[in-house]
Each structure stands twice: as structure tokens, then as C-alpha cells.
Amino acid sequence: MKKIYIYKAFERFWHWMQAALIIILIITGFEIHSSFEFFGYENAVNYHSSSAVIFIILIIFSIFWHFATGEWKQYIPTTKNLKEQIEYYLIGIFKNAQHPVEKHELSKLNPLQRLTYLGLKLLIFPVMVGSGLLYLYYRYPQQGGIHILDIGGLKVVALLHTASAFLLVAFLIAHLYLITTGQTITSNLKAMITGWEEK
Amino acid sequence: MKNYISILLFFGALLLLIILSQLPYTTKQSDDLSDLKAEYSQKHIPSVDHSKLGELQRDFKTPQDVTKACISCHTERHKEVMQSAHWNWEREAFIEGRGVTYAGKKNLLNNFCIGIGGSEVSCTRCHVGYGWKDLSFDFTVEENIDCIVCHDGTGDYYKAINAAGYPGDDVDLQNAAQNVGHPQRSNCGNCHFFGGGGNNVKHGDLEEAMFAPSRDIDVHMAVEGMDLQCVACHKAENHRLLGKMYSVSSMNRDRVTCEQCHGESPHQKNILNEHTIKVACQTCHIPIYAKVNATKTSWDWSTAGRLKDGKPYNENDDDGNITYISIKGSFTWEKKIEPEYCWFNGTADHYFIGDKVDTTKVVKMNTLNGEYADPESKIIPVKIHRAKQIYDCMNKMVIQPKLYAEEEGQGGYWKDFDWDLAAKIGMEALDVPYSGFFCFVNTEMYWPINHMVSTKEKSVSCKECHNRTESRLAGLQDFYMPGRDHSVVIDFFGIVLIVLSLAGVIIHGVIRIVAHNKRISEE
């Protein structure tokens, strides 16, 4: 059996922190949205705000890490094998076919993942973080009388924030399921925990 | 390498910014409240005992003699009082769209007993003067000021009913004059708790229970607490009494604020301090008012005039509140009321006699200005008093009828029960035309709630506002509030998206399992 080292320590730390934060943010966020009651409104707000700040710090570190290590290149979108990858999920997987794209250190994401994650990073996260920051701090310009920064109310911000949150939940569902589509049911999960993937 | 350093610097700076932006709201000292308590527990010790002053050792024949005595030593105070709204019952104010106005109880209409015109003898019991019985009252005569009503320390001084502000015949003026001091709650309360002619009729948060309230009723004035007097908040340097009453006032100046003692950020929790930008302190800290006795919440004048055997009569509810009285119509009373809420920026407009009304809407006797988009506006709690009152349906003007009269046949509605005649005489007195056709119109009057602050544990909770179905702020729809508002469209598509992804994942998984089993059995 061959083993390759795909996920470096920072990457794994980042991934699991992010996973935990996103789950907390989703639960507390939808509680603030009054979708259900769980922590209590005040706690939900506090947890949400603190996790958001930590999340932003994490994002900053990971951006830095991606550029410092050149790992950002992993996300350059490609159409090569894209069709094959889609066909694999729609047909091949049921026939126990081989994965069309080999994972290795220099290219650990398949073309579909590249596209999805890039979308997540360039669209959903910036909208989420941007609207979230405005949500948190929009009162300061209002109070300070800084009119250019006064967004005049929460409506647009809040609606963008909620819409992206729904997309994120949908992503999470698909993502959790796709964990099981590795070489074996658990091999993706193991790889993200230990860094090593068995071949 | 250089690239990395600049990136690092950039993000470092960003980080610092985020942390710094949290700072302004975390500067509160935790012992603000104990400082305040220490400050206000110091009891005032007067430097003079008026009972020892020779000037006051005499038998005062008239209350004016007392005032003259006061003025003989306090040679300037009466000038201050004569500048005040308590004396003039009007103030100069600039109102957007009207210009400079002179308005007050003297000339404004309300939706209780409507207006004082023609009924001065009765209404001026709450005037800090003696003898205002009709338009001939001279506001420049200083000895007609009633100093005692605000400064009495005996508790025995009172103004008689229908006596144009004169004290009762049995009041011991000498004793009263010798026992003057700083105004107590009882001094202010004797007028303000009984506005509208009975306990708690008008305000709802100023009533006789405040003479000696418990902490549950009012944390500030509680006798077992700091026992604050009205003037602790309503400071009155040189008789310039702070605090605006928006049934008569219009401008945002000389106000009393909670911040004058507690500062802008009294909480440990930032989220609460942030709320104070849009939500007034009172909104969270006065969850209910009329805590002890009921307040009048509506008044229907159109049912007035019913007689039993040709005689006027009353009906009372179980608590003894009048629910019907022939001279005035029907009332409703409520207690332990959750306030209603509105935006307010400190300026107000009023219905002025002669204004045309739009009868397709409820007529507002006073309008509190404000909206979400206005940075000066905050959400405040209000009592809204609703009424049906007489108006001229041809000229579209609210009518001030003549109500009070000494005897029958003078056109006073309370004696003659003739609306048309009362309207005619009332409007004539104001020099305003009356068409001869009267109807009744729905009116509203707004009373900000500022007293009966509850203990901090009873503050309005997050969920009482941030709530889809029963938010206290359900009536204010000009802004988005998390937890109360949502977009039906976004939530619908969002849920559809989640359901579809779940379904997709489950179907995919099931097919995988089935295919897998099939493969195994084939092998």
C-alpha cells in the first residue's frame, strides 16, 4: 500500500478550525435569524460575533500561508478533466470506476473542487465577511457622523448575509457527503486528520 | 521575501484595526453605579431654617402676602419663575413648517378635556399662581406667584377645587411659609400625578404610588433605595427646570436625559451600549407602566350626554375607575401596560386651533417627529391616548367646546348637554368660525414614558424585540431588525436549496449502496 502526504499541518489545522467555526456560525446565525432557539438570543449573538472575529483572523493567516507557500496555485481553475470528473460522480462512482484525477502533493484538488473552492473563496466568503463586518460595525460611522460610510440600515447587508448562509449550508451538506467518495469510505477523512492518504 | 513582509505588514495592520475598533465601547468603569449612589445619598442640609426668620412670624391674610414676604428676601427668584412655562403655560418654540410659535397648555388642545379656554377656574388649580380665572389674568403681577406649591414642606398645603389656583380656606399659611424647602416629590406630584383630573389619568407613569414607591415600581425614587426627588433628574438651576413634556413642548433643548447621570455607555456589555444609538434607555428599562393604578387609555366623547331619568350618571369598573360619565362619555382604563413604541428625535408638532384636519386619517393632537433614517432619532416608549372628539365637519377643525359653567343655561356642556351650543360658544370665544355642523373624529395623543424604571433584572429581553411573531417593535416597520424580519423569498429559496442538496445527497448515496450490493452479489 502506497501512502502520500497531502495535507500539511497548517492546512489541517486551518481546515478543522474553519469547519468548527462555520458550524458554530451557521447554528448561531440561524438562531439570530429566529429559525430556532438553542443557545438563547444573547449567547447566540455573542458566540456568533466572537467566532466571526476568529474566523477573519484565520482567513488572514490562511491567505498569507497560501501565498507564502505558493499553495494558492492549487485553486487555479482548469477545464482539463472537468467533464471526466462530473461523469465520474454521475456514472463512474456507481460502477466502482477509478477516480479520473490522481491526488498528489502538487495537485490535491480535482477540477470540480478547484472550481467550487475558488467560488467559495472569491464569492461566498468575501460576501459573508464583508456583510458580516458591516453588520457588526455599521453603527460606528452612524454614531460618528461619517456619512460616506453610513450604509443607512441593515436590510441589504442582512439579506446578502442570509442568502450566502443558505448557500454555505448547501455546500456543507454536499461537502460532508463527498467525504465518503474517496478511495474507501473513510480515506478522505483520514487524510484530512493525519495528512496521509492511502493509495 | 520582501513581498511576504509587506503582505505580513498589511495583514498585521488589518488585525490591529479590527482589535482597535472594539475599543471605544470597552472603556466603561464598572463602579459607575456605586459612584452615582454615593453622590445621591448625600442629604441636603439647608443653611437657613425659615421658621426662625422674623419676616415669617406673622399671620398671613392672603397667599399673596406670603409671596411678597418671600420676594422681600429672595429678590430675584420671582423673575425666574415668571420666565417659566409653569407660570406662562406657553413657551416660544420654532416648529418646522410653522415658524416661531407660542404654545402651551394655555392655547393647545388635547384629547382629554380638550382645552382650558372657558374653564380656567377649574384648570388653573394646576397653575403656580393665584387668580387665573379668565383671559383678564395679568401675568406681570409678581405677588400672584404661588411659591409654596413647589416649596411646601408641611404636606398640608393644597389648592382648592374650582378656585383659580387659590389654596383651600383651611390652609395654615404661616406654617406653610415657615416650612419651605427644596421641592419634594409630593410638591411636583400634587399636580403631575393628577393631570386630567384624577390619579394617573394622563401620563400612566406619574401617579400617587410615586409619592413613596418601592424598587419594583421605580428604582430611582424607591423609598428603600436612593429615594431620588423629581428635581434630582429635573434639575432647576435658577428655576430653569429641565425636562420637556411633548404634549406642550416642541423643541429638543433643556431636556432631562438618563445619560446626564449614567453616561453614554452604562453597560459592561457592548451589545447593549451599541443599542443606545437607536434605542432609548427607557425602551429597555421601562418594560411596563401604570404598574399600580390604571391609566386612561381611551376616551369616547361621542357617547356623552346620555341621561337616566333626565339626570346625568356614572358607571364604574371593578377597580372603581369611571367607565361612563354623562358629562364626558366613555373611558377605558388599563394597568400594567406594555408601552407602544415610536421613533423620536426630540422635536414635536401639535394640533393648533384652526388647523384643517384630514379626517381620512386619525388626527394627531401632537406628533412626535422621527424615523429610522434620522440619526437623531431613537425608539422611545409611549402611551398613546386615543379619543373620539368633537369637530366641525364642514370647516374640518377640531372644536374646543365650552364645557365648564357655573350654572345651567350658560351653554356649558357639563350643565346643558347641548353640543351645538357648547361648540358655538367655545369657538366664538376663540374667534374661530363654526359652521353649525359637528361630528366626531378619532384622535391620538402621544405621551412619552420616562418614569417607573424597573430593576435591571426586569429589563426588556433580547427576544422580546428580536422576535418574528410578537416583537414589541412590530409596529415600527421602517428598518430591518435581525430575528424579527426576514425575506420570504430568500428564506424560501434557501430552504428549497437545502432540501434539494439533502435529497441529492441521499439519492446519490442510496444508488451507490444499491450498486455496491449488486456488484458484491454478482461477484
Side-chain angles (χ1 to χ4, degrees), chain A residues 29 31-35 37 40-46 49 53 56-57 59-61 63-64 67-68 89-90 93-96 133 135-137 139-140 142-145 147 150 152-167 169-174 176-178 180-181, chain B residues 3-4 7-8 10-12 14-15 18-19 21-22 24-25 264 269-272 274-278 372-373 375 461-463 465-469 478-487 489-491 493-498 500-502 504-506 508-509 511-512 514-516 518-519:
Chain A
E31 173 155 16
I32 294 169
H33 193 56
S34 284
S35 301
E37 264 181 76
Y41 205 82
E42 188 173 355
N43 290 335
V45 168
N46 289 338
S49 307
V53 172
I56 290 172
I57 296 174
I59 289 177
I60 292 169
F61 272 110
I63 290 177
F64 179 70
F67 281 102
Y89 284 130
L90 289 181
I93 191 168
F94 303 123
K95 303 185 180 153
N96 209 14
L133 280 174
Y135 219 129
L136 272 176
Y137 298 116
R139 293 181 206 253
Y140 291 74
Q142 227 168 42
Q143 192 194 29
H147 298 295
D150 188 350
L154 277 177
K155 183 148 192 158
V156 177
V157 168
L159 295 186
L160 276 175
H161 206 69
T162 339
S164 327
F166 277 116
L167 287 176
V169 175
F171 164 79
L172 190 67
I173 293 169
L176 285 174
Y177 174 70
L178 288 174
T180 65
T181 62
Chain B
N3 273 344
Y4 299 146
I7 292 172
L8 198 68
F10 175 74
F11 288 120
L14 199 68
L15 214 100
I18 293 174
I19 294 168
S21 62
Q22 299 259 32
Y25 282 138
E264 302 269 335
K269 297 176 183 164
N270 285 342
I271 188 80
L272 294 177
E274 280 177 38
H275 273 76
T276 64
I277 299 173
K278 285 287 180 198
Y372 177 83
S461 71
C462 315
K463 221 35 204 164
C465 289
H466 294 278
N467 190 311
R468 286 251 175 105
T469 48
D478 61 344
F479 68 105
Y480 182 97
M481 192 168 128
R484 179 192 70 172
D485 300 325
H486 65 289
S487 151
V489 179
I490 290 182
D491 277 27
F493 283 109
I495 289 165
V496 167
L497 185 69
I498 291 176
L500 284 182
S501 3
L502 274 175
V505 157
I506 291 170
H508 197 273
I511 300 180
R512 259 172 79 203
V514 172
H516 180 75
K518 215 166 118 198
R519 235 181 294 118

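The structure presented is a predicted model; accordingly, all values stated were derived computationally and were not measured. Here is how names work: the chains are called A, B, and so on, in the same order as the sequence lines, proteins then strands, and each is numbered from 1. No hydrogens, no waters, no symmetry mates; every other heavy atom, side chains included, goes into these values.
- Heavy atoms of I495(B) lying under 4.5 Å from chain A belong to its backbone as well as its side chain.
- At a 4.5 Å heavy-atom cutoff, the contact between I511(B) and chain A is made by backbone and side-chain atoms alike.
- Contacts of L176(A) with chain B are absent, with no heavy-atom separation under 4.5 Å from either backbone or side chain.
- With chain A as the partner, the residue from H516(B), H486(B), H466(B), M481(B) showing the most heavy-atom pairs under 4.5 Å is H466(B).
- Residue V45(A) touches chain B through its side chain alone, counting heavy-atom pairs closer than 4.5 Å.
- Defined by atom type and a distance below 3.5 Å, a donor-acceptor pair is present between the side-chain atoms of Y177(A) and H508(B).
- Both the backbone and the side chain of D491(B) come within contact range of chain A, each with at least one heavy atom under 4.5 Å from a heavy atom of that chain.
- With values rounded to the nearest 0.5 angstrom, L178(A) atom CG is found 12.0 Å from I173(A) atom CD1.
- Only the side chain of Y135(A) comes within less than 4.5 Å of a heavy atom of chain B; its backbone N, CA, C and O stay farther away.
- For K518(B), no part lies near chain A; criterion is any non-hydrogen pair under 4.5 Å.
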Worksheet item: Would I93(A) and R512(B) satisfy side-chain contact (heavy atoms from CB on, under 4.5 Å), going step by step from the backbone distance to the final call?
Response: CA-CA 7 Å; I93(A) 191 168; R512(B) 259 172 79 203; 3.6 Å; yes
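- With a 4.5 Å cut-off on side-chain heavy atoms, L133(A) and I56(A) count as touching.
- In this structure, R468(B) contributes its side chain and H33(A) its backbone to a donor-acceptor pair below 3.5 Å.
- No other option in A158(A), A165(A), A174(A) has as many heavy-atom pairs under 4.5 Å with chain B as A158(A).
- Side-chain contact annotation: K463(B) with S34(A), donor-acceptor N/O pair under 3.5 Å present.
- Note on A515(B), S501(B), S461(B), G504(B): by heavy-atom pairs under 4.5 Å with chain A, the leading option is S501(B).
- Using a 4.5 Å cut-off between heavy atoms, R519(B) touches chain A through its side chain atoms alone.
- No part of S49(A) comes within reach of chain B, as not one of its non-hydrogen atoms sits under 4.5 angstrom from that chain.
- When the candidates L172(A), T162(A), T181(A), V156(A) are compared by the number of heavy-atom contacts under 4.5 Å with chain B, T181(A) comes out ahead.
- The closest side-chain heavy-atom distance from S487(B) to F493(B) is not below 4.5 Å.
- Using a 4.5 Å cut-off on side-chain heavy atoms (C-beta onward), F61(A) and I57(A) make contact.
- Taken to the nearest 0.5 Å, the CG atom of L159(A) stands 9.0 Å off from the CG atom of D485(B).
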